[in-house]
Amino acid sequence: MSTQQIKQDPLSILDNTFRAAIAKALGEEGNFDPVIRAAQNPKFGDYQCNAAMALAKSRGIKPRDLAERILAQVELGDVVESMEIAGPGFINITLGRAMLGRTIESMDDDRLGIPPQGDGHVITVDLCGVNVAKQMHVGHLRATIIGDSIANLHERLGWTVHRENHLGDWGLPIAMTMTALRNSGADLGQLTLDALNVAYRDAQLSGRSDVRGLEGAIAHGCGPHRIAELETQNEGAIENISDAKETLIALQSGDPELVAEWNALIDCTMREVFDTLGLLNVNIGPENNRGESFYKDKLAGVVETFIESGIGVEDNGAIVVRFEDRERPLLIRKSDGGFLYATTDLAAIRHRVHELKSERVVYVVDARQKDHFKDVFDGSRKMGWDKTPDGIESDLHHLPFGSVLGRDKKPLKTRSGENFTLRALLEEAIERGTGEVIARAEDFNAPTHGMTRDELESIGRAVGIAAVKYADLSSGVTRDYIFDLDRMIAFEGNTGPYIQYAHARISSILSKAEGEDIKWQNAGIQLDTAEEKQLGLAIMRYPQVILETAEQLEPHRLCTYLYDLANTYSSFYQCCPVLRNDDEDVRASRLRLCSMTRRILADGLALLGIESPSRM
RNA sequence: GCCCCCGUAGCUCAGUUGGAUAGAGCAGCUGACUUCUAAUCAGCAGGUCCCAGGUUCGAAUCCUGGCGGGGGUGCCA
C-alpha cells in the first residue's frame, strides 16, 4: 500500500515529479523522499515540499539554494497554480483549480477513486470473541466494532477477508458451567442467557483452586493483584473441579447427551449475541463462528510438533517455549497434561496462516493481552508457522485496544457491581437517539415531520448507534475511554450524528434537484470560491485516507477525515448557494460536489459500520 | 523486581510518522435563522505539550534519566 497506487491525483504527480527533480538538482542517482505534506495553514498554499532542508544540510549547501535548484527542475503545467520558496527552504505549492476539478471528476466512479488491491490478498480478523454462557459487555463492544471496521476497510480494498469469532466455547470453564446447571436441574431448552451467566459465575467462584499456581506466582514475584486473586480462588471448594473434569472428559469423548447440552448452551448464548450484534449493525453472523472447540483435536499435535522440533521443552512437568530476550516462557501444556489458551492460539495461527493463507492476521483483543500475543506470535515464528504456503511472511498483528471505563474511571459496573450488558447500553443509546429524532420531527419545517413512528424509530436507532460507535472509533484504539452516553449523544461537534446530519442535508438538496429535474451528473467541476476549493481538496484526499487507515489499522484516522470533510462541507453549504444559484454551470458543478461529498460520507460511515439516513 | 501503555487548553481528544505561529470539539463569550435541515456556520478567549537533559537547521514527535496514573507478569482465558 503506497501513494504510487493512486495514479492520476495531483498528490502522486507532485510526489513523482519532485522525486525526480530532487535527484536532478543534486546530480545524484537515488530515490529521495520529496516529503510532500498538506500545508497546515492556507497561507502556505495547499501542499508543501519539505525535502530541501535535510538534504542540503548533509551536503553542505544552503537549503534555500537547493530549493531553488529543485524548483528549476520541476515542470508541472496546470497541476499547480503557483509555487514559492519560504522560510528555511519550504516549497509551498498551490494546486491548479482546473486540474483539481478534473481529478474530482475522475474520482466519480463506483470506487470513489480508491484503487483496488486485489490479487488474492487475504486477511483474517479475529474479532468479537464472546464467551459461551456469558453476556456481552462493553469490552466486547470494542473487539466487535473495531474488528468489523478493519474487516470492512480491507474488503473495500479488494482483500479476501475472514472474520473469525474466536468463541470461548470449550474447556474447563464450560464444563464447570454445565456441571453446575445439571446439579441445579435446570432445563437447558428454557434457559435465558442471564440464567446461564449466573451459573457460569457461580461455577467459577465455587470451583477455582490453584495451589500450584499460587506457589508459582509467589516464587516468580508476581504482583499482589495476581496473588490476591489466586488466594481468593483457593478459598473455594475443590470438589467441583473434579466433577467438571469428569464432565469435560465425557464431553470430549463425544457423550451424545452432553454434546446435545453443550450445543444447547451455545445456541442459547448465540441467540442473544446475534440480537446484540444486530443492534450494532455489524457484519458478523453464525458463519463467522470458529471457537476454541474447533481446535480441540489439534492441540496435542501442536505440542508434539513443538517438542519434536526441540522448541517445546519440559519444565517441572509442563511444556514451555523459551525466548532469548525475555524471562517469561510460553506455556503450551500444563503439568497435568491439560492445554492452555496459548496452545489454542498457536493452532489458530497455524490454521489462519497455513489453511486460510492469510498474509495478515489481526487480533482485535484488549491491550492487557499484549504479552500473551507477543509470546504466541514469537512462538509460532520459531516454528515457521508465520509463513503462508506461498512462503509469504504473514503479518501477525495484535491490535491492542484500551479499556472502557465508567465515569469514576474504573471498569464500568452497575450499582450492584455487575457488568453492564452491552445490550442494555445499546438500548439506552437507541432510546436517547429516538427521543431526539422524534422531538425534532415535531417542528413543522423539519424534513422528518409527518414521518411514521416506525420510520422515526429506524432513524433514531441509526443515530443512537452511530453516537456510540463513533465515540468509540474516533479516538486512538490504544487509549482507555470513559463510556459517557451524555457526551456521546450530545450530537454536536465531532460525533457520528454530526456527520450523519451533513449527509442528510446533502441528500435533501440532491433529492430536490432530482424533483426539479436538474441535470448535473456530468457537469464540469468549478472551484472558484475558497470554500469550493477547500471542499475539492478534502474530497481528493479520500482514497489516500482509506489506504492509510487500513494499513495502519487506525479507524480514528477515517473518523478525523470524515469530520473534517463534513465540517468543510458545512462551511461550503453556508457560503455557496447550490439550488438557489442562477448560473446553471455553477449550480451543476456544486451539485456534483455535493454528490461526491455525500457518497464519500456514506461510504466512510459504512466502513465504520455506521448508517447514513437520508433524512434526520 | 521486570515489562508494556498513557500524560497536549477547565473537560474529552487530534497532531499527516522530525517541519513554519501546537490544532479540533465540549464548556464560556460575541455574532448569523422570512434562507438548499441552526444536530449548523463565522469569530473571541483559553498552552510550562508531566519534568530534566541529549540528538539537529528544526522536537509534542527520536534517545537517556526521572515523576505521576493504569495494566501485565509460568501452569485462568
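Scope of the values below: all heavy atoms of this structure, side chains included, with no hydrogens, waters or symmetry mates. Labels below follow one simple rule: chain letters A, B, ... track the order of the sequence lines, proteins then strands, and each chain is numbered from 1.
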Round to a whole Å and report the spacing from [atom1] of [X] to [atom2] of [N].
{"X": "A:His503", "N": "B:rU40", "atom1": "NE2", "atom2": "C1'", "answer": "17 Å"}
{"X": "A:Leu405", "N": "B:rU12", "atom1": "CG", "atom2": "P", "answer": "12 Å"}
{"X": "A:Asn567", "N": "B:rA39", "atom1": "CG", "atom2": "C1'", "answer": "13 Å"}
{"X": "A:Arg326", "N": "B:rG74", "atom1": "CZ", "atom2": "C1'", "answer": "14 Å"}
{"X": "A:Gln369", "N": "B:rG74", "atom1": "CD", "atom2": "P", "answer": "14 Å"}
{"X": "A:Glu292", "N": "B:rA77", "atom1": "CD", "atom2": "P", "answer": "8 Å"}
{"X": "A:Glu551", "N": "B:rU16", "atom1": "CD", "atom2": "P", "answer": "15 Å"}
{"X": "A:Tyr501", "N": "B:rA39", "atom1": "OH", "atom2": "C1'", "answer": "6 Å"}

Strictly by Watson-Crick or wobble contacts shorter than 3.5 Å, is anything paired with [N], and which nucleotide is it?
{"N": "B:rC41", "value": "B:rG31"}
{"N": "B:rC26", "value": "B:rG10"}
{"N": "B:rU64", "value": "B:rA52"}
{"N": "B:rC2", "value": "B:rG72"}
{"N": "B:rG18", "value": "none"}

Would you classify [X] as touching base, sugar-phosphate or nothing, given that sugar-phosphate means primed atoms plus P, OP1 and OP2, and contacts are heavy atoms under 4.0 Å?
{"X": "A:Glu327", "result": "nothing"}
{"X": "A:Ala318", "result": "base"}
{"X": "A:Ser614", "result": "base"}
{"X": "A:Ala504", "result": "base"}
{"X": "A:Gly476", "result": "sugar-phosphate"}
{"X": "A:Ala490", "result": "nothing"}

For the side chain of [X], counting heavy atoms from C-beta on, which of [options] is nearest?
{"X": "A:Leu340", "options": "B:rG74, B:rA14, B:rA77", "value": "B:rA77"}
{"X": "A:Arg487", "options": "B:rU37, B:rC11, B:rC76", "value": "B:rC11"}
{"X": "A:Ser571", "options": "B:rA24, B:rA42, B:rA14", "value": "B:rA42"}
{"X": "A:Asn92", "options": "B:rA20, B:rA14, B:rC11", "value": "B:rA20"}

I'd like to know if [X] reaches the base of [N] with its side chain, counting only an N/O donor and acceptor under 3.5 Å.
{"X": "A:Asp345", "N": "B:rA77", "value": "no"}
{"X": "A:Asp480", "N": "B:rG71", "value": "no"}
{"X": "A:Tyr341", "N": "B:rA77", "value": "yes"}

message: When you compare the side chain of A:Glu68 with that of A:Ile85, does any pair of heavy atoms fall below 4.5 Å?
response: yes
message: When you compare the side chain of A:Leu565 with that of A:Tyr569, does any pair of heavy atoms fall below 4.5 Å?
response: no
- prompt: Does any N or O in the side chain of A:His556 come within less than 3.5 Å of the main-chain N or O of A:Val477, such that one atom is a donor and the other an acceptor?
  reply: no
field: In B:rU40, glycosidic geometry as syn within 90° of 0 or anti otherwise
entry: anti
Taking salt bridge (charged side-chain N to carboxylate O under 4.0 Å, His left out) as the definition, give me every residue that meets it alongside [X], ordered by chain and number, with sequence neighbours left out.
{"X": "A:Asp169", "result": "none"}
{"X": "A:Arg64", "result": "none"}
{"X": "A:Asp583", "result": "none"}
{"X": "A:Asp371", "result": "A:Arg328"}

Pairs under 3.5 angstrom, nitrogen or oxygen only, protein versus nucleotides 54-56 of chain B, please.
none

Could you pull out every donor-acceptor pair under 3.5 Å between side chains of residues 433-441 of chain A and any protein atom, sequence neighbours left out?
residue  : atom : partner  : partner atom : Å
A:Thr434 : OG1  : A:Ile430 : O            : 2.7
A:Glu436 : OE2  : A:Arg440 : NH2          : 3.1

query: Below 6.0 angstrom between ring centroids: does that apply to A:Tyr363 and A:His166?
result: no
Pair A:Phe444 and A:His449, ring centroids less than 6.0 Å apart: yes
Might you list the N or O atoms of the protein lying below 3.5 Å from N or O atoms in nucleotides 3-8 of chain B, with each pair's distance?
residue : atom : partner  : partner atom : Å
B:rG7   : OP1  : A:Arg479 : NH1          : 3.3

Where do N or O atoms of nucleotides 17-19 of chain B meet protein N or O atoms at under 3.5 Å, pair by pair?
residue : atom : partner  : partner atom : Å
B:rU17  : OP1  : A:Arg37  : NH1          : 2.9
B:rU17  : OP2  : A:Arg37  : NE           : 2.5
B:rU17  : OP2  : A:Arg37  : NH1          : 2.6
B:rU17  : OP2  : A:Arg37  : NH2          : 2.9
B:rU17  : O4   : A:Gln552 : OE1          : 2.4
B:rU17  : O4   : A:Gln552 : NE2          : 3.3
B:rU17  : O4   : A:Arg557 : NH2          : 3.1

query: Pick the nucleotide of RNA chain B nearest each of A:Phe44 and A:Val437; which residue has the one closer to the 5' end?
result: A:Phe44
query: Taking the nucleotide of RNA chain B with the closest heavy atom to each, which residue, A:Lys43 or A:Ile319, is nearer the 5' end?
result: A:Lys43
field: Residues A:Arg326 and A:Asp375 bridged, charged N to O under 4.0 Å
entry: yes
query: Does A:His556 make a side-chain N or O approach to OP1 or OP2 of B:rG15 shorter than 4.0 Å?
result: yes
query: Within less than 4.0 Å of OP1 or OP2 of B:rU37, is there a side-chain N or O belonging to A:Asn445?
result: no
- request: For nucleotides B:rG70 and B:rA32, find the distance between their C1' atoms and express it as a whole number of Å.
  value: 45 Å
field: Residue among A:Tyr573, A:Trp520, A:Phe572 satisfying side chain to side chain contact (heavy atoms under 4.5 Å, CB included) with A:Arg590
entry: A:Phe572
- request: State which residues pass ring-ring contact (aromatic ring centres under 6.0 Å, His included) with A:Tyr563; sequence neighbours excluded, sorted by chain then number.
  value: A:Tyr498
- prompt: Which nucleotides of nucleotides 26-36 of chain B have their base under 4.0 Å from a protein heavy atom (B), which only their sugar-phosphate (S), and which neither (-), written as one string 5' to 3'?
  reply: S--------BB
- request: Only pairs at least two apart or in different chains count here, so list each salt bridge (charged side-chain N to carboxylate O under 4.0 Å, His left out) that has a residue in residues 564-576 of chain A.
  value: A:Arg541-A:Asp564
- prompt: If we ignore angles and hydrogens, is there a donor and acceptor under 3.5 Å between the side chains of A:Thr529 and A:Glu532?
  reply: yes
- request: Output every pair passing side chain to side chain donor-acceptor pair (under 3.5 Å) with a member in residues 461-478 of chain A, not counting sequence neighbours, ordered by first then second residue.
  value: A:Arg142-A:Asp472, A:Tyr470-A:Asn494, A:Asp472-A:Tyr481
- prompt: Taking everything shown except A:Lys245 itself, do over 12 heavy atoms lie less than 6.0 Å from its NZ?
  reply: no
